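Encoded as structure tokens, the structure appears first; notes follow it.
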Amino acid sequence: MLSKKIEQALNDQIKIEAESSQIYLAMASWAETQGFEGVASFMYAHSDEERMHMLKLAKFVNERGAHAIVSALAAPPVSFGSFKEMFQTLFDHEVMVSQKINDLVDITLTEKDYATHNFLQWYVSEQIEEEALARNILDKINLIGDDKGGLYLFDNDVKMIVANTTAQ
Ligand code: FEO
């Protein structure tokens, strides 16, 4: 059984993952309208991943005899300024998610819920990867700046990242 406190905290995280999926979907759509196919497919895939993060939590909550809540989500932005700004937003968002996961892990320790603590270790590792990937892309785009030719090559590069991660 989950304590009420853990149930609430996990439901809060379900909402964060669902909102992450929405934000990345909005980024995918915006990138697609700008003609950046590689960035768009990267963001569509990322949005799907966040939905998977959300579902994994929802199933865990229900398996433990509690109730995963599907709640209303904040509307994401429609456009993101520049690709540099968009990837900065993505990176900042992932840092925020990591913080939320850490807070959640902290709660499991104070509540002595070691099963949930164990379950959350997957998210702890996943956040290390997500932050590293976001930082890597951000470093690249910071080097390119607003150079059109550079952005074209960057888009191709990101396409390769998607191809490699889906081939795994
Ligand atoms: Fe599910 Fe990108 O955090």
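We count ligands from 1, going down the list as the structure has it; atoms in each ligand are counted the same way. Keep in mind the model is a prediction, meaning the values are calculated, not measured.
Sorting the N, O or S atoms of Glu130 by how far they are from atom 2 (Fe) of ligand 1 puts OE1 first. The N, O or S atom of His53 with the smallest distance to atom 1 (Fe) of ligand 1 is ND1.
Counting backbone and side-chain atoms alike, Glu17 contributes an N/O/S atom closer than 2.8 Å to atom 1 (Fe) of ligand 1. At least one N, O or S atom of Glu50 sits under 2.8 Å from atom 2 (Fe) of ligand 1. For atom 2 (Fe) of ligand 1, the N/O/S atoms of Glu94 include one lying under 2.8 Å.
No side-chain heavy atom of Lys140 sits under 4.5 Å from any side-chain heavy atom of Phe87.
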Audit row: Arg135, Glu131, salt bridge (charged side-chain N to carboxylate O under 4.0 Å, His left out) steps and yes/no: CA-CA 6 Å; Arg135 188 178 295 113; Glu131 271 190 44; 3.6 Å; yes
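The closest side-chain donor-acceptor pair between Tyr44 and Glu32 falls under 3.5 angstrom.
Cluster annotation: Ile23 is not connected to Leu25 through the hydrophobic network of ILVMFWY side chains, with a link wherever side-chain heavy atoms come within less than 4.5 Å.
The CD1 atom of Ile16 sits 8.0 Å away from the NE2 atom of His93 when rounded to the nearest 0.5 Å.
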